[in-house]
Amino acid sequence: MKNFQYYNPVKIVFGKNTIKEISKLLKGRKKILFLYGTGSIKKNGVYDQVKEALKNFIFIEYGGIQANPDYTDCMNCVLLAEKENVDFILSVGGGSVLDAAKFIAAAYYFKGDDPWDILKGRGKIDKALPVGSVLTLPATGSEMNSNSVISRREIGEKLAFSHPLVFPEFSILDPETTFSLSKHQVANGIVDSFIHVLEQYMTTDIGTPLQDRQAEAVLLTLIEEGPKAILNNKDYAVQANIMWCSTNALNGILGCGVDQDWATHGIGHEMTALYGIDHARTLAVIMPGLLSFLRKQKEEKLLQYGERIWGISMGDSNVRIDEAIARTCLFFESLGIDTRYTDLDIEEDAPEKIAARIDARRDVLGEKRNIRGPEVIKILRNLK
Ligand code: NZQ
Ligand code: ZN
């Protein structure tokens with residue numbers, strides 16, 4: 001096992017009717033920035049619940065954070081937060097609103113010339129406004145991690161940063177808030193969570209049986225509960241399980257002491273920046289090709305995954321690996337998610353364009369740092 005440090009200060013408040021807890025959690029705060037997205041919380045009753053919980057606080061609202069949150073909106077919020085002298089940001093929505101809140105929190109105190117440097121990995125963060133969240137879409141794990149992903153449409157970029165000062169102070173997870181999600185969004189969340197687990201699990205085997213089994217527990221639960229959620233996402237028990245799976249998929253615990261391969265996310269962010277495709281839908285067309293391309297490097301884990309998750313124990317390694325990848329694709333497809341980039345409505349030379357962006361950035365991806373532009377093309381075109 002590799003050396004690691006694990007730190008996670010997020011207080012999780014999970015369950016029915018928990019939004020009212022905000023009033024206790026925000027005690028002592030003087031002025032709150034209540035941040036939300038493009039309207040879903042006004043339709044599903046979450047907005048009213050939050051307003052009720054905030055009735056004894058001074059707060060200002062900013063609605064309109066879009067999916068794949070944009071840098072320009074975030075910077076407008078920084079100006080608003082400065083003008084209004086807020087001392088807390090409350091994010092209400094999915095991962096996009098929360099990622100925006102985290103970036104605003106860091107940019108608020110940023111001393112450098114250009115806050116975009118935070119996302120380019122060059123900006124030093126010494127202080128951030130505290131953030132809390134009410135999560136309405138299980139997918140990203142942002143509610144219990146210190147990551148934030150921001151898009152800048154004017155220059156066609158999508159970049160991430162991570163810093164311990166932007167862990168949410170608390171996250172409220174009420175599964176009932178997810179009842180208003182569309183099937184499309186439910187499926188996206190399941191696939192995003194599944195792939196977060198795979199990126200920490202499907203690497204080189206370095207002898208981490210506890211982490212492997214923790215990861216497998218999340219995968220198996222998503223496989224069991226996912227189809228139920230697609231059929232009916234108003235079943236509280238199912239939504240509660242999916243929600244807790246998503247949080248556990250990316251709160252850092254599965255990544256302790258293991259090799260990690262975030263190439264699928266690295267390539268996926270470029271695809272979203274170029275073509276505006278939903279985050280999870282990019283991942284589902286990249287991961288199968290990546291597993292096939294790196295089958296030798298990941299052989300032990302692929303075989304273990306095939307056997308423990310899909311019950312595949314017969315045949316030679318290549319046959320078993322092919323079947324494990326095929327079963328993964330079938331699972332995504334059963335949720336309504338395509339698994340080949342040719343299924344997406346994008347230009348024929350998309351793989352070359354994405355590869356060029358990765359090379360221009362001199363990015364080298366994967367747990368063995370062996371994925372550059374040429375390998376990205378092979379992964380997307382599913383070539384050996
Ligand atoms: O705009 P609103 O009204 O909020 O509507 C949203 C949005 O249209 C809607 N929605 C959210 N909750 C709903 C709802 N609709 C009905 N009922 C509800 N309860 O769903 C749409 C998508 O929301 P969004 O927040 O964009 O989805 P998600 O949570 O999947 O977040 C995606 C963003 O997170 C980043 C992605 O790259 C993308 O920018 N990620 C963040 C990570 C992190 N912070 O750790 C890790 C992930 O890998 C990911 O990269
Ligand atoms: Zn993701």
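Computed over heavy atoms, backbone and side chain alike; hydrogens, waters and symmetry mates excluded. Atoms within each ligand, like the ligands themselves, are counted from 1 in listed order.
For the salt bridge (Lys or Arg N to Asp or Glu O under 4.0 Å) test with E270, the passing option among K158, R361, K353 is R361; the others fail.
In terms of protein heavy-atom proximity, atom 12 (N) of ligand 1 is nearest to T136 OG1, 2.8 Å. Taking atom 2 (P) of ligand 1 as the reference point, the nearest protein heavy-atom neighbour is T38 N, 3.3 Å. Closest to atom 46 (C) of ligand 1, if we only count protein heavy atoms, is T140 O, 3.7 Å. In terms of protein heavy-atom proximity, atom 13 (C) of ligand 1 is closest to L181 CD2, 3.3 Å. Distance from atom 17 (N) of ligand 1 to its nearest protein heavy atom, with residue and atom name: S180 OG, 2.8 Å. Scanning the protein for heavy atoms near atom 22 (C) of ligand 1, the closest one is L137 CD1, 3.7 Å. Considering only non-hydrogen protein atoms, atom 41 (C) of ligand 1 sits nearest to D99 OD2, 3.0 Å. In terms of protein heavy atoms, atom 39 (O) of ligand 1 is closest to N68 OD1, 3.0 Å.
Residue contacts with ligand 1, taken as heavy atom pairs separated by less than 4.0 Å, involve N44 solely via side-chain atoms from C-beta onward. Contacts between K43 and ligand 1 below 4.0 angstrom, taking non-hydrogen atoms only, are absent altogether. For N145, every heavy-atom contact with ligand 1 shorter than 4.0 Å involves the side chain, none the backbone.
Ligand 1 has an N or O atom lying under 3.5 Å from an N or O atom of G39, backbone or side chain. Every N/O-N/O distance between K102 and ligand 1 stays at or above 3.5 Å. The shortest N/O to N/O separation between G95 and ligand 1 falls below 3.5 Å. When only interatomic distances are considered, the shortest N/O to N/O separation between Q185 and ligand 1 falls below 3.5 Å.
Remark: D261 engages K298 in a salt bridge, criterion side-chain N to carboxylate O under 4.0 Å. Taking a cutoff of 4.0 Å between a charged side-chain nitrogen and a carboxylate oxygen, R122 and D114 do not qualify as a salt bridge. Comment: K31 engages E84 in a salt bridge, judged by a side-chain N to carboxylate O separation of less than 4.0 angstrom. Residues K111 and D126 are paired through a salt bridge, judged by an N-O separation under 4.0 Å between the basic side chain and the carboxylate. Note on E154 versus R152: salt bridge recorded, some NZ/NE/NH1/NH2 to OD/OE distance being below 4.0 Å.
The angle that H265 NE2 and H279 NE2 make at the Zn ion (ligand 2), rounded to 10°, works out to 90°.
Cation-pi geometry between K42 and Y47 is met: under 6.0 angstrom from the ring centre, within 45 degrees of the axis. For the pair K127 and Y109, the cation-pi test (distance below 6.0 Å, angle within 45°) is passed.
No chain of hydrophobic side-chain contacts below 4.5 Å, direct or via other Ile, Leu, Val, Met, Phe, Trp or Tyr residues, connects V97 to I172. Taken together through direct or relayed side-chain contacts under 4.5 Å among Ile, Leu, Val, Met, Phe, Trp and Tyr, L25 and I12 form parts of separate hydrophobic clusters. Note on Y71 and V131: same hydrophobic cluster, where clusters join Ile, Leu, Val, Met, Phe, Trp and Tyr whose side-chain heavy atoms are under 4.5 Å apart, directly or indirectly.
For ligand 1 and G94, the ligand atoms under 4.0 Å from any heavy atom of the residue are 25 (O), 29 (O). Remark: ligand 1 atoms within the under-4.0 Å shell around heavy atoms of H269 are 37 (O), 50 (O). Every atom of ligand 1 with a heavy atom of A139 under 4.0 Å away is listed here by number and element: 30 (O). Shown in contact with K158 at under 4.0 Å from a heavy atom are these atoms of ligand 1, numbered in order with element: 36 (C), 37 (O), 38 (C), 39 (O). Against a heavy-atom cut-off of under 4.0 Å, S40 is close to the following atoms of ligand 1: 2 (P), 3 (O), 4 (O), 5 (O), 10 (N), 13 (C), 14 (C), 15 (N), 16 (C). Less than 4.0 angstrom separates some heavy atom of H196 from each of these atoms of ligand 1: 47 (C), 48 (O). Listed by number with element, the atoms of ligand 1 under 4.0 angstrom from any heavy atom of P69 are 39 (O). In the vicinity of A67, heavy-atom distances shorter than 4.0 Å reach the ligand 1 atoms 26 (O).
N147 places none of its side-chain heavy atoms less than 4.5 Å from the side chain of S142.
Put simply, no part of N188 is less than 4.0 Å from ligand 1, judged by heavy atoms.
Judged by distance alone, the side chains of S317 and R320 never bring a donor and an acceptor atom under 3.5 Å apart. Under the 3.5 Å distance criterion, with hydrogens and angles disregarded, no donor-acceptor pair is assigned to the side chains of N382 and R340.
Between the choices S96, G37, G93, the shortest heavy-atom distance to atom 32 (C) of ligand 1 belongs to S96.
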Do N232 and D235 pass the side chain to side chain contact (heavy atoms under 4.5 Å, CB included) test, and can you show the C-alpha distance, the side-chain angles, and the key distance before you say yes or no? CA-CA 6 Å; N232 171 19; D235 180 327; 4.0 Å; yes
Applying side chain to side chain contact (heavy atoms under 4.5 Å, CB included), run through Y62 and Y36 and close with a yes or a no. CA-CA 6 Å; Y62 186 103; Y36 53 92; over 6 Å; no
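D192 has its closest N, O or S atom to the Zn ion (ligand 2) at the position named OD1.
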